[in-house]
Amino acid sequence: MLTVDYYNSRCLNASVTVTRIPADRDVVVCECFARDGLQNEPAPISTESKVHALTAFADAGFSRVEATSYSHPERVPGFADASSLLADIPRRPSLAYKATCPNQRAVQRALVDWDAGCAAEELSFLVSTTEEHSQRNLRASRAEQWDRVAEMVALAEGRFVLVGVISMALGCPFEGEVAPSQVVDDVRRFAELGVTMVTIGDTIGAGNPRSVGSLFADVLAEVPEVTPIAHLHDSRGTALANAVAALDAGCRYFDSAMGGVGGHPTRIAYGGGVTGNTATEDLVAMLERMGVRTGIDSSRLKAASGLCERILGRPLESKVARNDYGSSSKEAAGV
């Protein structure tokens with residue numbers, strides 16, 4: 001189990017199983033607005049606005065926050081400020097920031113930030129369950145990407161908590177259904193590399209409570225040394241139900257994004273409609289009403305929700321925000 005001292009030791013070891021949940025909560029919710037949430041925004045968001053948002057997330061009590069990506073600045077200009085952002089955001093004893101690394105060069109940039117004293121505590125490495133999505137999203141075959149991941153793990157030198165990410169775990173828009181055994185095999189492969197936190201991504205919201213519950217039960221039973229993280233998109237309106245199914249299966253780590261923003265990168269078309277993440281406001285409200293402690297302050301979450309709407313200049317896709325946070329919604333819409 002993860003402790004504050006572990007994250008702040010600055011001598012992290014990727015081979016350590018990171019499963020400790022802070023004493024004030026039963027689950028850990030990772031706020032993904034600043035990375036996965038913003039990757040499909042057509043216009044870049046200023047570094048200053050991102051810092052304001054990340055500060056609000058820290059104030060609300062999140063213990064994990066996805067802050068940025070070390071994507072190629074020319075290909076994904078919205079994250080060209082990764083290093084300057086990490087240098088400016090608030091650091092808290094109980095908070096770990098995560099940065100996405102698509103390739104070896106990204107890890108090298110993270111190491112430069114480590115030496116400068118402003119690195120993210122976590123790095124996430126991505127694979128896809130399907131060949132076509134891997135080619136489109138990562139510009140590499142699955143075999144090539146797994147080779148990259150092995151090299152990235154070696155490059156990280158045990159300095160960071162490493163998080164594996166499996167995209168299209170419950171279905172792919174290009175290849176259709178994905179066998180649960182494929183996902184379990186990918187989780188096991190991360191474990192063999194020493195990566196013991198693995199995000200299971202329902203990237204297009206294809207999952208349902210039965211398929212999600214069954215998959216997480218399989219992962220927990222067959223690769224018990226790994227801590228699975230539920231990353232559930234709400235494309236078909238089932239994200240909250242799927243989160244409960246994952247919870248009932250034993251999952252205790254969840255990803256979400258303020259207002260349900262996010263989804264596929266702007267340059268990769270997965271089809272029309274809403275492809276966003278589970279809305280943090282809705283997930284936290286549901287869990288708390290179920291008696292599942294998230295450790296997140298509701299009034300500060302409300303403030304963060306309103307801030308995110310103002311940053312993007314539009315009402316966001318949160319049912320709780322529409323009902324309980326109505327004043328911020330009207331302000332964002334200019335009413």
Side-chain angles (χ1 to χ4, degrees), residues 1-2 6-7 9-20 28 30 35-36 64 66 69-71 96-114 119-131 133-135 137-170 178-201 203 215-216 218-231 250-253 255:
M1 295 251 190
L2 176 64
Y6 180 78
Y7 263 147
S9 67
R10 307 304 292 171
C11 56
L12 307 181
N13 187 330
S15 67
V16 175
T17 301
V18 183
T19 56
R20 184 174 296 277
V28 171
C30 179
R35 205 287 300 176
D36 191 33
R64 297 181 69 235
E66 188 174 52
S69 172
Y70 284 109
S71 300
Y97 290 110
K98 177 159 66 79
T100 298
C101 291
N103 51 42
Q104 299 93 319
R105 174 57 184 153
V107 178
Q108 291 168 348
R109 291 172 60 194
L111 289 169
V112 171
D113 286 345
W114 174 281
E121 286 79 9
E122 300 180 7
L123 300 182
S124 60
F125 301 158
L126 289 71
V127 299
S128 175
T129 61
T130 66
E131 284 291 343
H133 180 258
S134 185
Q135 293 280 2
N137 190 47
L138 297 169
R139 293 185 172 87
S141 69
R142 272 177 48 82
E144 290 168 337
Q145 185 60 18
W146 274 115
D147 287 343
R148 285 180 183 175
V149 168
E151 291 181 18
M152 288 190 282
V153 170
L155 276 173
E157 298 178 339
R159 300 186 188 188
F160 307 88
V161 173
L162 302 183
V163 182
V165 178
I166 301 173
S167 298
M168 304 297 166
L170 285 121
V178 172
S181 60
Q182 172 71 64
V183 180
V184 172
D185 286 346
D186 284 349
V187 173
R188 186 177 291 112
R189 193 161 182 176
F190 271 122
E192 290 169 353
L193 291 172
V195 178
T196 54
M197 297 185 80
V198 178
T199 299
I200 310 297
T203 316
L215 178 58
F216 276 86
D218 288 350
V219 168
L220 286 160
E222 297 189 36
V223 199
E225 65 270 32
V226 162
T227 297
I229 302 166
H231 184 101
C251 178
R252 295 296 179 264
Y253 281 73
D255 286 350

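Note that the coordinates shown come from a computational prediction; the quantities given were computed from them, not determined experimentally. In what follows, residues are counted from 1 in the order of the sequence shown.
- Taken to the nearest 0.5 Å, the CD atom of Glu157 stands 6.0 Å off from the CG atom of Leu111.
- The nearest pair of heavy atoms linking Pro224 to Glu222 is CD-C, 3.4 Å.
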- Task: For Glu225 and Val223, run side-chain contact (heavy atoms from CB on, under 4.5 Å): C-alpha distance rounded to whole Å, both residues' side-chain angles, the deciding distance at 0.1 Å, then the answer.
- Result: CA-CA 6 Å; Glu225 65 270 32; Val223 199; 3.7 Å; yes
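- Nearest heavy-atom pair across Ala169 and Val183 is O-CG2, 3.3 Å.
- A salt bridge between Arg189 and Asp186 is absent, with no side-chain N of the basic residue lying under 4.0 Å from a carboxylate O of the acidic one.
- For Thr196 (side chain) and Val226 (main-chain N/O), no donor-acceptor pair under 3.5 Å exists by modelled atom type.
- The structure places CE of Met152 at 10.5 Å from CG of Asp147, a figure rounded to the nearest 0.5 Å.
- Going from atom CG of Asp255 over to atom CG of Asp36 covers 8.0 Å, rounded to the nearest 0.5 Å.
- A distance of 11.0 Å separates CD of Glu121 from CZ of Arg64, quoted to the nearest 0.5 Å.
- Remark: the backbone N or O of Leu155 is not paired with any side-chain donor or acceptor of Gln104 at under 3.5 angstrom.
- A side-chain N or O of Gln145 and one of Arg148 form a donor-acceptor pair less than 3.5 Å apart.
- Looking only at atom types and distance, the side chain of Tyr70 has no donor-acceptor partner in the side chain of Asn103 under 3.5 Å away.
- Pairing each heavy atom of Ala110 with each of Ala119, the nearest pair is O-CB, 4.1 Å.
- Using a 4.5 Å heavy-atom cutoff, the side chains of Ile200 and Leu215 are in contact.
- In terms of heavy-atom proximity, Pro102 sits nearest to Ser71 at CG-CA, 4.1 Å.
- Atom CE of Met197 is separated from atom OG of Ser124 by 11.0 Å, given to the nearest 0.5 angstrom.
- A salt bridge does not link Lys98 with Glu122: none of the charged nitrogens is closer than 4.0 Å to a carboxylate oxygen.
- For the pair Val195/Val153, a side-chain contact is recorded, criterion being any heavy-atom separation below 4.5 Å from C-beta on.
- Side-chain contact check for Val163 versus Ile229: some heavy-atom pair is nearer than 4.5 Å.
- Using a 4.5 Å heavy-atom threshold, the side chains of Leu162 and Phe125 count as touching.
- Nearest approach of Pro228 to Cys251, heavy atoms of both residues: O-SG, 3.7 Å.
- The side-chain heavy atoms of Gln135 and Arg139, taken from C-beta on, include no pair separated by under 4.5 Å.
- Thr130 places a side-chain heavy atom less than 4.5 Å from the side chain of Val178.
- Without hydrogens or angle criteria, Thr203 side chain to Ser167 main chain gives no donor-acceptor distance under 3.5 Å.
- Counting heavy atoms from C-beta outward, Ser128 and Ile166 have side chains that stay 4.5 Å or more apart.
- Going from atom CG of Leu126 over to atom OG1 of Thr199 covers 8.5 Å, rounded to the nearest 0.5 Å.
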